[in-house]
Amino acid sequence: MKRGLIYLLTVFLISFSFLNAQERFRRFPPSPQPLVDLNLPEIRSHELANSLRLSVVQNTQSPDIHLQLIIFAGESHSPDDLPGLATFTAHMLSKGTSIFSSSEFEDILASIGGRFAVSVFPEHTIISISFLKEFLDEGLDVLGKLVKNPSFNQKEIAKLKTSLYHSMAGKRFDPDFVSRRLMLRILFQDHPHQKITFNENGIKNIKHDNIRKYFQTFYRPNNSHLILIGGIDFQTASRVVSRHLNTWRKNNLKYSPLSPPKPVKRLKICLVDMPQIDDTTIFIGNVIALNTPEDYFSYSVFNRVIGSTPNSRIFMNLRETKGYAYYAFSQIDLFNKFGVFFIRAKVRSDVVLRSIEEVLREIDHVMKVKIPSQEIEQAKFYLLGNFPIKLAGSRFFSTKVSEIIAFDLGEAHWANYYENIMQIDSNKVFELIKDSSILTPAIVIVTNANLSAEENPFIDELIEKFGEVEVYNYKGMLQYTLK
Amino acid sequence: MFITILNKNILVTITLLFLTFLPLHSGQIENFPFPFTHFQLKNGLNVILAEDYSFPVVSVTVAYHVGSFHEPEGKSGLAHLLETLMFQGSKNVGRMQHINFVNRTGGRFDALTTVDKTIFHQTVPANQLELVLWLESDRMFSLRITREKVEKAKQSLIDGIRFRKLDDPYMSSSLHFTQLLFGDYSYNHPVIGFETDLRSLSLQDVRSFYSNYYRPNNSVICIAGHIDKARTRELMEKYFQSIPTGPKSEETTKTEFYDILEDIHFSEKSLKSSPRLNIGYRIASPYSDDYFPMDICSYILVKGKTSRLYKRLVIKERLATSIGGGIEIRKDRAVFKIFVVLNSETNRDRCKKAVFSEINKFISNLISSEELAKAKMMLKSNYLSKFATVSGRAVFLANRFLERNHPEQVYPELNQFLSVTSHRIMIIANKYFSKHKVILDVKIR
């Protein structure tokens, strides 16, 4: 009996201490292991006899090959009276060659498990084709034919005009698209980059000769850089690329890169009336100078602190504390030697002015008071963790490589990313931010402004606070100014 | 000993020689594209590990075998509600802290409820694996469900339903189409639930649903990326093995996927949309022998700019602005859907005739080898892209484990698609495209 009781007590004590031990490790989050090194594949480069540059990034795990042809010309190189020409020309590439029609091109792509896309930026254009890795030869053969023998068929031009027109006009009710385009239009005023904000009207006047001339001038091997990413080695890539692209003829094109646009120096309120929507979209942004890699990494840390995630200051303020916003994030869009820093938010329409004031107050605060070191370290911790996660997604990997090549960013943005982030501290961020123009931004508001009403307290409040309000249509054209 | 080694070597040599002379079909794969291992903890929790050292990141997917299918009638939205509550705090993790912990590491998270699965997924830096296991084990072990949290989550889901009604101009017709096509309530009610059902859900409903289904023996955890397998197994045992097993979930008896033939007109109240034609066929159950040819059919008929319906209706006759569709799986049932967005209401009859004339042509004539090869390559590319990243791998393995019961079932899968012949497609297409059909003419008011 006694022995039985002792046995039961022992079992009870062992179980109790076991459960207790379990509870202890469940009670608090575990400490992280040391950060694992980032060993990125090398970007190997080579130049062909016709001056086409080639870069290869070997990623054996990838089931396909992602090919990107960068043409160092974009919307800024469209003629002033034909904004949209660079975009139109890039899209025409998939509309047939002297060897195959547009429909045959789609069939060829499908037969190699392929996808085609174009992206046009102010100073460069990217033609992307991805395909299953066993079709390397076929993929490069297709690319060779697209750049050497485009047909620019009149029927296809007419069809593309209609589809691009409808696709752009269809975005007239998209507040994000309308806001972003107008913000860039204001920031790039009087600069060739403004042509990137073209609207559907520009498409109408493009003719066959304009496309051919743009293509013949800029789509040349000496103005291009080909990137191959995927399960392919450098030697094989060089050999196959040379086979299909060494007869692509170069020209004597020479032009200097454009100087970056200047930041807006006076805060500007730009309003678009969109009666169909219930909530309000706000974009607040300005141009930032990125003269050195350190500028870029300091701004990245700053961006994380101020608004790039749901733990950042603006999101916590506008959404979690005040309940004004559905979302409020900041972002940096990278261009050649500069960036655009902006905040985008969707807010309740009854608190538009208060939301703008809160964003400006947050920016003003970081320009006057240094961000505490602990917050800077948290931001760096986030960026160090987030970079490989983004790279592990196949699309960002390709985008990052093309960004590095298009903007000549170098190893600082690739293999040395961790070291560069680690070097940023509170002082570096403060010194950079305090001299920037982010407190005099272009502010775009897309809302149901009820402009026809006789009494409009919303507009009155904006005028009282900011002096004047410029009213634009959805295409980004100034209609009138309210004072 | 020497003899044993010698025998082994001879055996390996003979096997290799045998394999060398086996005929290899074009596009055939001999192994699944990436290695993985599977084991089960003592409490029945299934674990799948897939190592990949390309980047110092790790993806963790926790998938529970529960979804809208398991909701009793009148309690729709329960599974989706639980998905929301899983972020509202457990014994040692505060409300929304799960998201904050993952965000702070630079990581990403996602959650999804389907007809028969609820999936929680996160990708974090490799050195933060243990943090995710701590977070996931806490909510599997001890989710804190209070009346206040339930009421708040219900309101947020009801707001979501209203927002979706505004955002999706085809919502009413899509719901009606799904109800007709999938038949029984368990399969056909919306995962987001009905507003009236959501309002009536009680605290007890939610607690019982959690204790019945959110159990280790009703789930699978897939971890892919920069991991050490032995260490990961230790961590899995540490955090999950002591979580008590729940009741074995009862599967509703499978009912007959009965014959159907409907041709109905439906009026959709919307300003933003164009008239649409929804056509659906009941087909073979997922991953059965007939299923694989049907997926190839979707590439030939409706997917992409090279599909037959796109070429005829959008490019040649300009009757439609877009074509969509393909196979939709809901648990053990599958349907083949075709969506045609019309250019104008006046073209409706012409368009309908054109669609059925293409389908008739498809079932009456053998497809060419070029067209078949093209469809297979499109499918292969899409199939492989599902697990091109570690994040994709974790989600893919979790899905397939719950769909196919055993992870090894995925090994021959791609081959099952790629070995489909033109003759087989013709037989299968005839079998499923000539009956069990629903046509919904969506008109805009």
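The sequence lines fix the lettering, A, B, ..., with proteins before strands; numbering per chain opens at 1.
Listed options Gly113(A), Pro30(A), Pro32(A) were ranked by heavy-atom pairs under 4.5 angstrom with chain B; first place goes to Pro30(A). Ranked by non-hydrogen atom pairs under 4.5 Å with chain A, the options Leu135(B), Asn382(B), Asp138(B) are led by Asn382(B). No other option in Leu391(A), Leu384(A), Thr309(A) has as many heavy-atom pairs under 4.5 Å with chain B as Leu391(A).
Summarising the geometry of Pro56(B) relative to Tyr418(A), their closest heavy-atom pair is CG-OH, 4.2 Å, with the distance given to 0.1 Å. Residues Arg104(B) and Phe381(A) share a closest heavy-atom pair of O-CD2, 3.3 Å. The shortest non-hydrogen separation linking Lys238(B) to Arg26(A) is O-NH2, 4.1 Å.
Each of Ile389(A), Leu38(A), Val36(A), Asn386(A) was compared with Val57(B) under the side-chain contact (heavy atoms from CB on, under 4.5 Å) criterion, and only Ile389(A) meets it.
In this structure, Asn103(B) and Asn311(A) have side chains that are in contact, with non-hydrogen atoms separated by less than 4.5 Å. Put simply, the side chain of Arg115(A) reaches to within 4.5 Å of the side chain of Ser381(B), judged on heavy atoms. Two residues are said to be in side-chain contact when any heavy atoms from C-beta on lie closer than 4.5 Å; Met377(B) and Ser111(A) fail this criterion.
With a threshold of 4.5 angstrom between heavy atoms, Leu35(A) approaches chain B through its backbone and through its side chain. Looking at Pro34(A), the atoms closer than 4.5 Å to chain B (heavy atoms on both sides) all sit in the backbone: N, CA, C or O. In this structure, chain B has a heavy atom under 4.5 Å from the side chain of Phe397(A), while its backbone stays farther away. With a 4.5 Å cut-off on non-hydrogen atoms, Phe131(A) does not touch chain B at all. For Lys311(B), the part sitting under 4.5 Å from any heavy atom of chain A is the side chain, from C-beta outward, and nothing else. With a 4.5 Å cut-off on non-hydrogen atoms, Ser391(B) does not touch chain A at all. At a 4.5 Å heavy-atom cutoff, the contact between Leu40(A) and chain B is made by side-chain atoms alone. Interface remark: Asp107(A) contributes backbone and side-chain atoms alike to the contact with chain B (heavy atom separation under 4.5 Å).
How far CD of Glu106(A) is from CD1 of Ile315(B): 7.5 Å, rounded to the nearest 0.5 Å. To the nearest 0.5 angstrom, Ser62(A) atom OG is 9.5 Å from Leu384(B) atom CG. How far NZ of Lys374(B) is from CD1 of Ile108(A): 10.5 Å, rounded to the nearest 0.5 Å. The line from OG of Ser103(A) to NZ of Lys316(B) is 11.5 Å long, rounded to the nearest 0.5 Å. Summarising the geometry, atom OG1 belonging to Thr389(B) is positioned 12.0 Å from atom CZ belonging to Arg395(A); distances are rounded to the nearest 0.5 Å. Between atom NZ of residue Lys380(B) and atom CG of residue Asp64(A) there is a gap of 11.0 Å, rounded to the nearest 0.5 Å.
Of all residues in residues 93-101 of chain B, those placing a non-hydrogen atom less than 4.5 angstrom from a non-hydrogen atom of chain A are Asn100(B), Phe101(B).
Other residues, nucleotides and ligands contribute only 12 or fewer heavy atoms inside 6.0 Å of the CD atom of Gln374(A). Summarising the local packing, NZ of Lys305(B) is surrounded by 12 or fewer heavy atoms from other residues, nucleotides or ligands at distances under 6.0 Å.
Remark: Tyr239(B) pairs with Glu130(B) by the side-chain hydrogen bond (donor to acceptor under 3.5 Å, both in side chains) rule, at least two apart or across chains.
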